[in-house]
Q: 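Shown below is the structure under consideration.
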Amino acid sequence: GENVEQHPSTLSVQEGDSAVIKCTYSDSASNYFPWYKQELGKRPQLIIDIRSNVGEKKDQRIAVTLNKTAKHFSLHITETQPEDSAVYFCAASVGYGGSQGNLIFGKGTKLSVKP
Amino acid sequence: DTAVSQTPKYLVTQMGNDKSIKCEQNLGHDTMYWYKQDSKKFLKIMFSYNNKELIINETVPNRFSPKSPDKAHLNLHINSLELGDSAVYFCASSQGTGKKANYGYTFGSGTRLTVV
């Protein structure tokens with residue numbers, strides 16, 4: 001089945017610096033890769049996603065890159081701000097079988113942005 | 001107006017009790033899920049329902065029984081609660097499943113279950 005590895009588990013940056021979170025997946029049939037942000041005590045919320053026919057996607061300060069050959073994808077946050085502090089989860093869709101279409105999540109990265 | 005709503009938000013109960021968590025979505029989605037988030041923040045799928053039918057039942061003790069009376073509701077009943085059941089339980093919904101899935105999940109606000 002699908003396995004998603006996420007690194008690092010914690011990340012601390014200074015305000016204004018960039019932050020990069022990386023994920024790898026095992027299911028070569030996966031074709032959808034979302035990123036969720038979870039603030040303390042709140043629900044995970046989708047911040048950006050990418051499908052397998054695209055190599056990169058940007059939304060203001062957030063970008064995601066996908067390397068299908070290597071089966072890894074990354075989240076890039078530029079010009080970080082204190083409000084970016086949260087736990088970030090990557091996920092990959094299950095590509096086949098009875099669970100096809102469901103999401104498997106990485107273990108999360110706790111990002112701290114210091115003012 | 002809440003898209004995916006869960007009740008209760010907090011639940012404190014004693015070991016051995018039976019409790020239920022309710023989830024409703026008004027997005028018109030036909031697939032609903034229960035995820036468990038432990039103290040280390042790991043999100044693990046428990047169940048997935050599509051149009052009231054069970055699609056996924058991960059390795060979850062049979063003390064956990066989901067019930068979907070219609071595609072807008074997915075409730076979770078837990079029998080004989082144990083200390084290890086303490087966690088935050090998230091309901092989520094999405095449109096479609098399998099090859100027809102559009103993948104975007106909307107999560108509920110979570111239910112923090114504490115077993116004492």
Side-chain angles (χ1 to χ4, degrees), chain A residues 1-6 8-11 21 23 25 27 29-54 64 73 85-112, chain B residues 2-7 9-10 23 25 27 29-51 53-60 74 87-112 114:
Chain A
E2 175 72 282
N3 185 43
V4 178
E5 300 282 340
Q6 183 172 348
S9 55
T10 59
L11 179 58
I21 303 170
C23 288
Y25 61 98
D27 182 355
S30 290
N31 60 5
Y32 176 68
F33 308 92
W35 286 87
Y36 287 80
K37 175 183 180 183
Q38 187 179 25
E39 296 176 354
L40 189 63
K42 297 194 175 178
R43 74 189 77 192
Q45 292 200 295
L46 179 69
I47 55 171
I48 195 167
D49 57 13
I50 191 167
R51 297 188 188 271
S52 58
N53 57 348
V54 175
V64 57
F73 56 113
S85 297
V87 178
Y88 291 81
F89 293 94
C90 65
S93 61
V94 176
Y96 63 93
S99 302
Q100 185 181 18
N102 291 303
L103 294 178
I104 302 300
F105 286 82
K107 292 190 175 182
T109 296
K110 184 176 181 180
L111 173 64
S112 301
Chain B
T2 304
V4 181
S5 59
Q6 287 178 238
T7 54
K9 193 170 174 62
Y10 300 97
C23 180
Q25 54 94 6
L27 296 166
H29 289 166
D30 55 12
T31 305
M32 296 184 72
Y33 313 83
W34 278 108
Y35 277 82
K36 179 180 180 180
Q37 187 171 47
D38 59 26
S39 57
K40 294 184 179 179
K41 302 297 184 187
F42 184 39
L43 275 167
K44 185 168 168 56
I45 191 165
M46 300 173 69
F47 301 102
S48 164
Y49 267 73
N50 176 255
N51 275 321
E53 287 189 26
L54 180 65
I55 303 298
I56 293 176
N57 180 353
E58 290 293 327
T59 308
V60 177
L74 180 61
V88 179
Y89 292 84
F90 284 100
C91 177
S93 72
S94 68
Q95 183 58 34
T97 190
K99 291 183 181 179
K100 297 181 182 178
N102 82 354
Y103 307 117
Y105 279 26
T106 300
F107 282 89
S109 56
T111 296
R112 183 175 293 277
T114 303

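Throughout, a chain's letter reflects where its sequence line sits, starting with A, and its residues are numbered from 1.
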Q: I'd like to check Tyr105(B) versus Pro34(A) (side-chain heavy atoms, cut-off strictly below 4.5 Å). Are they in contact?
A: no

Q: Who are the ring-ring contact (aromatic ring centres under 6.0 Å, His included) partners of Trp35(A), not counting sequence neighbours?
A: Phe73(A)

Q: What part of Phe107(B) is in contact with chain A, defined as an atom under 4.5 angstrom from a non-hydrogen atom: side chain, backbone, both or neither?
A: both

Q: Looking at every heavy atom in both Tyr33(B) and Asn102(A), which two are closest together, and how far apart are they?
A: CE2-OD1, 2.7 Å

Q: Given that the side chain runs from C-beta out, which part of Gln38(A) has a heavy atom under 4.5 Å from chain B: side chain, backbone, both or neither?
A: side chain

Q: From Lys41(B) NZ over to Ser9(A) OG, what is the distance, rounded to the nearest 0.5 angstrom?
A: 14.0 Å

Q: Could you pull out all residues at least two apart from Lys37(A) that satisfy salt bridge (charged side-chain N to carboxylate O under 4.0 Å, His left out)?
A: Glu39(A)

Q: For a quick test of reading the model, state the closest non-hydrogen atom pair linking Arg43(A) to Ser109(B) and the distance between them.
A: NH2-CB, 3.5 Å

Q: Taking the side chain as C-beta and beyond, is there a heavy-atom pair between Phe105(A) and Gln37(B) under 4.5 Å?
A: no

Q: Which value, rounded to the nearest 0.5 Å, describes the distance between Lys107(A) atom NZ and Leu43(B) atom CG?
A: 12.0 Å

